[in-house]
There are 2 protein chains.
Amino acid sequence: MADPVRRQILELLLRGGPRPAGDVAERFAISRPAVSRHLRVLRRSGLVRDELVGRQRLYTLDPGPFEELVAWLGPFVRPSGWEHRLDALETEVYRTRRERRTRGDAGQGVTGQESTA
Amino acid sequence: MADPVRRQILELLLRGGPRPAGDVAERFAISRPAVSRHLRVLRRSGLVRDELVGRQRLYTLDPGPFEELVAWLGPFVRPSGWEHRLDALETEVYRTRRERRTRGDAGQGVTGQESTA
DNA sequence: AGGAAGCGTAACCTGTAGGTTACGCTTCCT
DNA sequence: AGGAAGCGTAACCTACAGGTTACGCTTCCT
């Protein structure tokens, strides 16, 4: 995930939702096999899942590893301003979610803009 | 930050607080200059700050870049389970913080275990 | 003053990440 | 059936990340 191309792929998948490999590849200046290998790395890292539909392979984001990373980063961002005891963040989030739900909140959807690339 | 050694250095700095370079170096099997360069990378990435005290150089974590990273990761971890509208996470956190403070909660500190390295 | 302590940098070597071209396998179309 | 579309993989090449040893500069001690 350190690689800039890989990050762009992830961002693309985030904005545009599931995309077939070729669709991803043609967005980059590098060759298609190169992108293909990047996708393989992402696959093996568990950051994306692939689903074969017909003769094309759709790639989707998998939030799992991202959550792990955020969890790892947590302690590093906390100690500064906050008072070292926000480990209950996730539970708080869940509480918030429940509250929102009961208040009846409309979902917004992920598929949004498609601008700067 | 992709490098495992670098991550270990960061974890060490997290657990043990500011440390001189040599103190960091002797925790690793690799040579001291190697660690020194890792520290330079971390310095240039802004992940750590250095302060010269006497003839030794103390390294400290800088939360800034970590926050950026978490911010970048945010959109990736949200879309799955939650209903796409947790952008108010930070404000929630602050609210939580206020609540905790008024309830009078003892801080725990960061310095904890010192085991597996 | 002068040696030791504490670090950083330079020069060098090697493994590997990431690019390219060539090739092979399915799946769809007519 | 057979060609085109859509992808992945293999083989190969090159640049760079990360390790080591050698060296130089301050700062402390006696």
Side-chain angles (χ1 to χ4, degrees), chain A residues 1-62 65-66 68-69 72-73 114 117, chain B residues 1-62 65-66 68-69 72-73 116-117:
Chain A
M1 193 157 67
D3 188 274
V5 173
R6 237 119 58 186
R7 267 176 312 209
Q8 283 185 262
I9 292 178
L10 293 174
E11 290 177 349
L12 175 62
L13 253 39
L14 176 66
R15 292 198 313 274
R19 288 187 177 282
D23 219 61
V24 174
E26 66 181 9
R27 302 237 175 188
F28 294 89
I30 60 178
S31 71
R32 191 188 51 72
V35 175
S36 183
R37 236 190 8 203
H38 278 297
L39 286 169
R40 180 171 53 187
V41 173
L42 292 173
R43 219 184 309 145
R44 290 185 175 160
S45 305
L47 290 165
V48 299
R49 297 291 270 166
D50 62 322
E51 180 193 359
L52 290 88
V53 42
R55 59 179 156 176
Q56 50 190 17
R57 185 179 291 217
L58 264 67
Y59 284 94
T60 324
L61 287 174
D62 185 350
F66 291 97
E68 287 182 34
L69 221 183
W72 186 81
L73 288 169
E114 192 92 355
Chain B
M1 193 158 65
D3 188 274
V5 173
R6 237 121 54 188
R7 267 175 311 203
Q8 283 185 263
I9 292 179
L10 293 173
E11 290 177 348
L12 175 61
L13 252 39
L14 175 66
R15 293 197 313 273
R19 286 187 178 283
D23 219 63
V24 174
E26 66 182 9
R27 302 238 175 187
F28 295 90
I30 61 179
S31 71
R32 192 187 51 73
V35 174
S36 183
R37 230 180 24 195
H38 278 297
L39 286 169
R40 179 171 55 187
V41 173
L42 291 174
R43 221 184 308 145
R44 291 185 174 158
S45 306
L47 289 164
V48 300
R49 298 292 269 167
D50 62 322
E51 181 194 358
L52 291 87
V53 43
R55 59 180 156 175
Q56 49 190 17
R57 187 178 289 216
L58 263 69
Y59 285 93
T60 325
L61 287 173
D62 184 350
F66 291 97
E68 287 182 33
L69 221 183
W72 186 80
L73 287 170
T116 331

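Naming convention: chains lettered A, B, ... in sequence-line order (proteins, then strands); numbering from 1 in each chain. Because the structure is predicted, anything quoted here is derived from the model rather than measured. Just so you know, these numbers use all the heavy atoms, side chains as well, and skip hydrogens, waters and symmetry mates.
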Handout entry: salt bridge (Lys or Arg N to Asp or Glu O under 4.0 Å) partners of R57(B), counting only residues at least two apart
Key = D50(B)
Practice task
Establish, with yes or no, whether the OP1 or OP2 oxygen of dG8(D) is under 4.0 angstrom from a side-chain nitrogen or oxygen of S36(A).
Solution key: yes
Practice task
Grab the CD1-P distance between I30(A) and dA15(D) for me, whole Å please.
Solution key: 17 Å
Fill in the blank from the handout: Atom CG of D50(A) and atom P of dG6(D) are separated, to the nearest Å, by 18 Å
Exercise for the section: Determine: side-chain N/O of S31(A) to OP1/OP2 of dT20(C), distance under 4.0 Å, yes or no. Expected result: yes
Practice task
Quickly work out the E26(B) CD to dG6(C) P distance and round it to whole Å.
Solution key: 9 Å
Problem - Gap between atoms CZ and C1', on R40(B) and dG8(C) respectively (whole Å) - result: 8 Å
Exercise for the section: Look at all strands and tell whether R32(A) reaches a base, only sugar-phosphate, or nothing, counting heavy atoms closer than 4.0 Å. Expected result: base
Completion exercise
F28(A) CZ to dG18(C) P, in whole Å, measures 14 Å
Practice task
Side chain of H38(A) only, please: which of dG8(D), dG19(C), dT20(C) is the nearest?
Solution key: dG19(C)
Practice task
Rounded to the nearest 0.5 Å, what's the gap from CZ on R37(B) to CZ on R6(B)? Could you check?
Solution key: 9.5 Å
Problem - Side chain of R57(A) (C-beta onward), nearest among dG8(D), dG18(D), dC7(C) - result: dG8(D)
Exercise for the section: Mind calculating the distance between OH (Y59(B)) and P (dG6(C)) to the nearest angstrom? Expected result: 15 Å
Exercise for the section: State, with a plain yes or no, whether a side-chain heavy atom of L10(B) is found less than 4.5 Å away from one of V48(B). Expected result: yes
Problem - First of A34(A) and R43(B) reached from the 5' end of DNA chain C, by closest nucleotide - result: R43(B)
Handout entry: DNA chain D: 5'-proximal contact among G54(B) and A2(B) (nearest heavy atom)
Key = A2(B)
Problem - Any donor-acceptor N/O pair, R7(B) side chain to A2(B) backbone, under 3.5 Å - result: yes
Exercise for the section: Name the closest nucleotide to the R37(B) side chain, picking from dA11(C), dC28(D), dT20(C). Expected result: dA11(C)
Practice task
State, with a plain yes or no, whether a side-chain heavy atom of D23(B) is found less than 4.5 Å away from one of L12(B).
Solution key: no
Fill in the blank from the handout: Checking dA22(D), dC28(D), dG18(C) against the side chain of R55(B) (C-beta onward), the nearest is dC28(D)
Exercise for the section: Taking all non-hydrogen atoms of both residues into account, name the closest pair between L73(B) and F66(A) and its distance. Expected result: CD2-CD2, 3.6 Å
Handout entry: Gap between atom CE of M1(A) and atom CD1 of I9(A) - 0.5 Å precision
Key = 13.0 Å
Practice task
Among dG18(D), dG8(C), dT9(C), find the nucleotide with the atom closest to the side chain of P33(B).
Solution key: dT9(C)
Exercise for the section: Could you check which of dG8(D), dG18(D), dT21(D) has an atom nearest any side-chain atom of A21(A)? Expected result: dG8(D)
Exercise for the section: Considering non-hydrogen atoms only, spot the tightest contact between P18(B) and T60(B) and give its length. Expected result: CG-CG2, 3.8 Å
Practice task
In whole angstrom, give the distance that lies between atom CG of L52(B) and atom P of dT26(D).
Solution key: 12 Å
Fill in the blank from the handout: Stems of at least 3 consecutive Watson-Crick or G-U wobble pairs (donor-acceptor distances under 3.5 Å) involving DNA chain D, listed by first number, are C:1-30 with D:1-30
Practice task
In whole angstrom, give the distance that lies between atom CD of E51(B) and atom P of dG8(C).
Solution key: 14 Å
